[in-house]
Visitor: 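Sharing a structure below in structure tokens format, with a few things to ask.
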Amino acid sequence: MNEETVLYACEDGIATVTINRPRAFNAINREVVAAFNAILDKLPESDPRVLILTGAGEKAFIAGADIEEMENMDPIEAVDYSASCHRLLDRLSSLPIPVIAAVNGFALGGGLEFALACDVRISADNGVFGFPEVTLGIIPGWGGTQRLPRLIGQGRALELLFTGKRIKADEAASLGIVNQIVPKGEALNGALLFARGISRARTAVANVKKAATMGLRCGLDTGLSLEAGCFGNCFAHPDQKEGMAAFKEKREARFEEKSLKKKGCHVS
Ligand code: CO8
């Protein structure tokens, strides 16, 4: 396996995962899926507090699944491939840390699905979004039919899914797909800036992510019970005492540095 198809770096608690197939516009193939899984296996070693996902080069975040690799799949292989990427994106989205997509160009098909599995999307102004699958005679198979309607509503999602049309970053922002737009070439810097603005109270951040993301998978009553549990979790952690003491003493809180290692790699 060529390990360089996915790059990993971690600095000052912020991890960056870069899909590195710029000549194929960072299209995802099985090798990328395996390399990404291997990076997630090792994530607790560097114990980041935020993860940023981006694509190599100036033109594409990820231009989808590798069409050449998919072309001759039979239905059973297609189901297996779909499920294997569901597992990868579930691992990514259930990390107990914020995950930010830094979209630096095309985010099409599977590329948009990778971006949707992130918590937040920062896009350069040359970002292009869409689900062209129907134009290839297939449908999104890595969560797009499920995550997009949950994010922007069924009608608006179906418009993109039915037509396969591409939209620019400003339209994606107005639909709620993109959180922030930054100038071309600045997606990673924009994501880094966003990451640095996230609270260092890691347990509180992990619990707020768990409540807000797992809560979307259930009804309101169950979601409220989940929130109560997450609220309680915070009171079992020293950060709650420290945060409230710091407020009373009119000083900055000193929250615990490490938590991914202790808590394992899942929000659930
Ligand atoms: N797969 C493979 N190669 C790709 C892909 C892709 N998705 N996208 C781009 N490339 C390659 C091109 O083949 C080309 O390679 P080469 O130079 O060797 O010919 C290179 O990247 C550059 O592409 P272009 O020359 O086409 O560059 P343009 O600037 O003219 O166009 C586009 C850029 C608009 C991104 C164009 O390449 C394009 O439309 N790409 C395909 C986008 C697409 O349809 N994506 C969806 C794919 S399907 C999918 O993602 C399904 C996900 C769920 C799978 C579930 C599995 C069971």
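Counting starts at 1 for both ligands and their atoms, in listed order. Positions are given from 1, in the same order as the sequence printed here. Just the heavy atoms: all of them, side chains too, but no hydrogens, waters or symmetry mates, feed the values below.
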Visitor: G64 heavy atoms, cut-off 4.0 Å: which ligand 1 atoms fall inside?
Guide: 50 (O)
Visitor: Quiz question for you: does at least one protein heavy atom lie closer than 4.0 Å to atom 16 (P) of ligand 1?
Guide: no
Visitor: Identify, for atom 31 (O) of ligand 1, the protein heavy atom at the shortest distance, and state residue, atom and that distance.
Guide: F25 CE2, 4.4 Å
Visitor: What protein heavy atom lies closest to atom 18 (O) of ligand 1? Include the residue and the distance to one decimal.
Guide: R23 O, 4.9 Å
Visitor: Contact between V33 and N29 at the side-chain level, heavy atoms closer than 4.5 Å - yes or no?
Guide: no
Visitor: Looking only at protein heavy atoms, which one is nearest to atom 53 (C) of ligand 1, and what is the separation?
Guide: G141 N, 3.3 Å
Visitor: Below 4.0 angstrom, N of the basic side chain to O of the carboxylate: do D41 and R91 qualify?
Guide: yes
Visitor: Under the criterion side-chain contact (heavy atoms from CB on, under 4.5 Å), I'd like the reasoning laid out for I19 against F36: C-alpha separation, chi angles, the key distance, then a yes or no.
Guide: CA-CA 9 Å; I19 307 299; F36 205 150; 4.0 Å; yes
Visitor: Nearest heavy atom to atom 54 (C) of ligand 1 wins, so pick from W142, F106, F114.
Guide: W142
Visitor: Once you restrict to heavy atoms under 4.0 Å, what part of M70 touches ligand 1? Side chain, backbone, both or neither.
Guide: side chain
Visitor: Atom 49 (C) of ligand 1: which of E113, E133, H86, K59 has the nearest heavy atom?
Guide: E133
Visitor: Would you say atom 47 (C) of ligand 1 makes contact with the protein, given that contact here means a non-hydrogen protein atom less than 4.0 Å away?
Guide: yes
Visitor: Decide yes or no for S93 and R147: does some side-chain heavy atom of the first lie under 4.5 Å from some side-chain heavy atom of the second?
Guide: yes
Visitor: Indicate whether atom 13 (O) of ligand 1 is within a distance of less than 4.0 angstrom of some protein heavy atom.
Guide: no
Visitor: Scan the protein's non-hydrogen atoms and note whether one is under 4.0 Å from atom 26 (O) of ligand 1.
Guide: no
Visitor: Considering only heavy atoms from C-beta outward, does the side chain of T18 approach that of L53 to under 4.5 Å?
Guide: no
Visitor: Within the structure, does at least one protein heavy atom fall under 4.0 Å of atom 7 (N) of ligand 1?
Guide: yes
Visitor: Yes or no, since that's all I need: does a protein heavy atom fall within a distance strictly under 4.0 Å of atom 36 (C) of ligand 1?
Guide: no
Visitor: Charged N to carboxylate O below 4.0 Å: is that the case for E159 and K165?
Guide: yes
Visitor: Is there side-chain contact between I28 and F114, with heavy atoms separated by less than 4.5 Å?
Guide: yes
Visitor: What about I67: any of its N or O atoms under 3.5 Å from an N or O on ligand 1?
Guide: yes
Visitor: In terms of atom number and element, which parts of ligand 1 are under 4.0 angstrom from non-hydrogen atoms of L136?
Guide: 44 (O), 47 (C), 48 (S)
Visitor: I want to confirm something. Looking only at heavy atoms, which of A60, P132, A78 is nearest to atom 57 (C) of ligand 1?
Guide: A78
Visitor: How long is the straight-line distance from CG of N189 back to CG of L193, given to the nearest 0.5 Å?
Guide: 8.0 Å
Visitor: Check ligand 1 against G110 and write out every atom of the ligand that is under 4.0 Å from a heavy-atom position of the residue.
Guide: 49 (C), 50 (O), 52 (C)
Visitor: Among protein heavy atoms, which lies nearest atom 11 (C) of ligand 1, and at what distance?
Guide: A24 CA, 3.9 Å
Visitor: Where does R21 meet ligand 1, judged by heavy-atom distances below 4.0 Å: at the side chain, the backbone, both, or neither?
Guide: neither
Visitor: Could you tell me whether some N/O pair between A63 and ligand 1 is separated by less than 3.5 angstrom?
Guide: yes
Visitor: Protein heavy-atom contact under 4.0 Å for atom 44 (O) of ligand 1?
Guide: yes
Visitor: Do R30 and D66 sit within salt-bridge range, that is, some charged N less than 4.0 Å from a carboxylate O?
Guide: no
Visitor: Does R202 qualify as a cation-pi partner of F255, given the criterion of NZ or CZ under 6.0 Å from the six-membered ring centre and within 45 degrees of its axis?
Guide: no
Visitor: May I ask you to test the L92-V17 pair for a side-chain heavy-atom distance under 4.5 Å?
Guide: no
Visitor: What protein heavy atom lies closest to atom 38 (C) of ligand 1? Include the residue and the distance to one decimal.
Guide: L108 CD1, 4.8 Å
Visitor: Just checking, is any N or O donor in the side chain of S46 or Y8 under 3.5 Å from an acceptor N or O on the other one?
Guide: yes
Visitor: Less than 4.0 angstrom from a charged side-chain N to a carboxylate O is my criterion; do R251 and E242 meet it?
Guide: yes
Visitor: Between atom CE of M244 and atom CZ of F235, what is the distance when rounded to the nearest 0.5 Å?
Guide: 4.5 Å
Visitor: Quick one: does A65 get an N or O within less than 3.5 Å of an N or O on ligand 1?
Guide: yes
Visitor: Do any nitrogen or oxygen atoms of G111 come within less than 3.5 Å of a nitrogen or oxygen of ligand 1?
Guide: no
Visitor: Is the shortest distance from a Lys or Arg side-chain nitrogen in D90 or R217 to a carboxylate oxygen in the other one below 4.0 Å?
Guide: yes
Visitor: List the closest protein heavy-atom neighbour of atom 34 (C) of ligand 1: residue, atom name, distance to the nearest 0.1 Å.
Guide: R166 NH2, 3.6 Å
